Amino acid sequence: MELQHFSHKHPLVFIEKQNHESQKAYCSGCGELVSGSSFRCVECRYYLDKLCAEAPSEINHPFHCNHSLKLQVSPPFRNICDFCDKGLDKFVYHCSCDLNLHIKCALLSKSIAEKGFGKLDDIPHKEALVSIENFSEELKGAKCFACWQRLLDFAYLDLGHGIFLHKKCVDLPTEINHFLHSQHSLILQFNSKPLPCQMCKKTQLKGFVYRCSPCEVALHITCAELPTKINHLCHRNHPLFLKFDPESLPCQICQNTQDEGLVYCCSICTFKLHVDCASPPPIIKGEIHEHPFTLFWKQLPFICDACGTTGNFASYTCYKCSLTIHGNCISLPPIIKFPRHRHPLSHTFILGQYEMKTLICEACPEKVNAQHGVYCCSDCNYVVHADCAQEYSWFSFYELEDMDEDLNEKSAFAVIKVSKLGEDIVIASEIKHLNHQHNLVLSNDSEGHKVCDGCMLSISTLFYCCSQCEFFLHKSCAEAPKKKKLWFHRHQSPLTLTSNHIFRCPRCFYWFNASFAYKCNICKSYRCLACALISDTPTFQGHKHRLYRYDKYEGQCNGCGDQLHAAYVCKDCKFAVHNRCLRLPSKILHEYDEHPLILTYHEDNLYSEYTYCDICEETRNPNHWFYHCAICNTSAHRECVVKRHSYMKLGGSYRMRSHPHQLTFTKKISACHVCHQPCLDLSLECLKNGCDYIVHLECITWQSFNYSFIQREDEGTS
């Protein structure tokens, strides 16, 4: 018997049974080893097993009612099977709505749909077990192909080829009526077009859902199974009803609120339970502890042994070790990466086993309770509350081959010449910096008003200068490393030192166009040099003690009086400042005064009834920091001296998409071409003779944190 299959140019000959003595053959349709009846091309050893060879070129699938599925020899651009979630590289059933199935996944699921899930009862099932330690990694991460929930939580069936089904999903009805969508029935379908569930508002990417295609309404299988009325041990007075929560009350178990979705409520007692909290799993095994934890239903307050915070109602207990913890804390990782410390932190239930010299959390001003669990680095005497450590769980960490602990030591310049200061001190007297084309020579000539091209601040200490052009660098700015990890940036990958880019620093909100900056190669954002070099435990000229960064701090900033929610703090002195005040320059040049203005932290003139700003002529709060010139006896608000564009360098040559000619940064009182008001702040002016185009910078950048539409003429060279 011969077959001319559309997938092959030669006729295929039927073989009753593969000869095991001959070379192994694999089916070109499904990729599996051919063992039974098959079709073979004599000329080129092309094989199709009988099932793949006789598969129809087009099928109507009960789990995909909208369109038919067409058989293709090769997968489309998106090459993941929507049934088993594995890669596609052979025959595929494809629908124009982007549903793709392995040929055997399509035929198996079609057979299940036509015969009914109940026909699978003859397949032996495996019970759910308390411990999953003896299971393979594949099973530990496997999901039920129907409800797409964790496989090992319930008894399951193994259908072969890595396809599993919860035993409870065997009896799923293919059509249901639900109170959330009373207009039409909901049909069990492939989740080929993921939609948010009408009940939990979450989007499931794989598996099956109940769907109304005309209305584009979806309901997860697990959500559809929820009873609309329950009696619960946590509220024995009245039954609880499943309904939307318009009041956003906190759940009585986890104490959290949810923005949307259904909850179990008692409207009489204003009592609420999250759906997940109403029926938590009876036993959970997590990596944080060697034994499984058992659910303990009792309306008793407790202190969690994993995180040290209080809990109510449901807790989980390890009876062997007498540990009681929140259900959520079971999933805490035993080891975490913490961006504010160079080593990983380990979770411990017994802090006393380490000889810690301090019990103060490094992320908040509170003391840790050694009787409960924390994260710590015992080598460095570093300890953090479990909750504080989780504040950085949304950060992304990257393993890079060139990552090492000396990353911040890699210099951005090459030493050309060195000089000796005394017998033991050697200093680089001439360098070649990667952000400047000429050599730079060390100098201490403080005459004139020089501005550092790295940080755009006044120079009064040792600096490097270029003899061929007006380029200056603080010695400290020149020593900024070529690559640096920033503890406060979500992408924990080294940022690269660069210059001459136009950006607004999202840390301090000042604008820059010519200074040094650190660029994230992942999100392409920039951080100014001053913000990038601030550690989480900085020293500060305005305070005698070292400061510590606390992500949760309520109080007022000592610099400006603003309300704080995170700050750099000296707890002993009750001194706190936010980042914007911390990075204020101690000395700055301003057009209002011929002398440098000095940042001043308190008012010495106690006899003055009123204090004024000599720039805006408005009153000043004497308790807030200000800038002062002792020679001229002038004082000014911080915000009047350091404005959003104070670090922008005038001049230069730029291009903007909306104007054909070269532009330059300037300060000129002329009518803006956009708002038609006088440009009292930074502007872009056309350099072409005869063109009077000038635009206020705020008029073209108010919606953006970067100047991607403005480019330097030499952009890309640095």
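Position 1 is the first residue of the sequence; numbering continues from there. Just so you know, these numbers use all the heavy atoms, side chains as well, and skip hydrogens, waters and symmetry mates. Everything quoted here is computed from the prediction, not taken from an experiment.
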* Walk me through it: do His289 and Phe349 pass the test ring-ring contact (aromatic ring centres under 6.0 Å, His included)? => CA-CA 9 Å; His289 187 58; Phe349 287 99; 5.7 Å; yes
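- Between Cys197 and Tyr210, the closest side-chain pair of non-hydrogen atoms is not below 4.5 Å.
- No side-chain heavy atom of Asn177 sits under 4.5 Å from any side-chain heavy atom of Leu186.
- Ion pairing between a basic and an acidic side chain is recognised when a charged N comes within 4.0 Å of a carboxylate O; Glu290 and Lys320 show no such pairing.
- Put simply, the side chain of Gln189 gets close to the backbone of Cys65: a donor and an acceptor are under 3.5 Å apart.
- Taking the six-membered ring for Trp and thresholds of 30 and 60 degrees, His10 and His8 have ring planes more than 60 degrees apart, a perpendicular arrangement.
- Side chains of Thr348 and Tyr375: no donor on one and acceptor on the other come within 3.5 Å.
- Between His235 and His238, the ring planes are tilted. Angles from 30° to 60° get that label.
- The OG atom of Ser109 lies 7.0 Å from the CZ atom of Phe63; values are rounded to the nearest 0.5 Å.
- Distance check: Ile221 CD1 to Cys144 SG gives 7.0 Å after rounding to the nearest 0.5 Å.
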* Walk me through it: do Phe208 and Phe190 pass the test ring-ring contact (aromatic ring centres under 6.0 Å, His included)? => CA-CA 5 Å; Phe208 289 70; Phe190 283 120; 4.9 Å; yes
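- Looking only at distances, a side-chain donor or acceptor of Asp82 sits under 3.5 Å from a matching main-chain atom of Asn100.
- Considering every non-hydrogen atom in both Leu107 and Ala55, the closest pair reads CD1-CB, 4.1 Å.
- Side chain of Ser331 to main chain of Asn328: a donor-acceptor pair is present (N/O by atom type, distance under 3.5 Å, no hydrogens or angles).
- In this structure, Ile288 CD1 and Ile325 CD1 are separated by 6.0 Å, a value rounded to the nearest 0.5 Å.
- In this structure Asp551 satisfies the salt bridge (Lys or Arg N to Asp or Glu O under 4.0 Å) test together with Arg340, Arg549, sequence neighbours excluded.
- Atoms CD and CZ, on Gln198 and Arg211 in that order, are 11.5 Å from each other to the nearest 0.5 Å.
- There is no side-chain donor-acceptor pair under 3.5 Å between His67 and Ser96.
- Looking only at distances, no side-chain donor or acceptor of His491 sits under 3.5 Å from a matching main-chain atom of Cys520.
- A salt bridge links Glu391 with Lys552; the closest basic N to acidic carboxylate O contact falls under 4.0 Å.
- Proximity of Phe397 to Pro339: side-chain heavy atoms (C-beta onward) are separated by under 4.5 Å at one or more points.
- Ring planes of Phe302 and His326: tilted class, angle from 30 to 60°.
- The distance from the CG atom of Leu12 to the CG atom of Leu48 is 6.0 Å, given to the nearest 0.5 Å.
- Put simply, the side chain of His102 gets close to the backbone of Gly87: a donor and an acceptor are under 3.5 Å apart.
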* To do: Give the C-alpha distance, both sets of side-chain angles, the deciding distance and a yes or no for side chain to side chain contact (heavy atoms under 4.5 Å, CB included) between Ile283 and Phe293.
  => CA-CA 6 Å; Ile283 297 175; Phe293 288 89; over 6 Å; no
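- Of the possible donor and acceptor atoms, one in the side chain of Asp305 sits under 3.5 Å from a partner among the backbone N and O of Thr324.
- Contact check for Ile335 versus Leu345: no side-chain heavy atoms found under the 4.5 Å cut-off.
- Ring pair His5/Phe91 is parallel by interplanar angle, where below 30° counts as parallel and above 60° as perpendicular.
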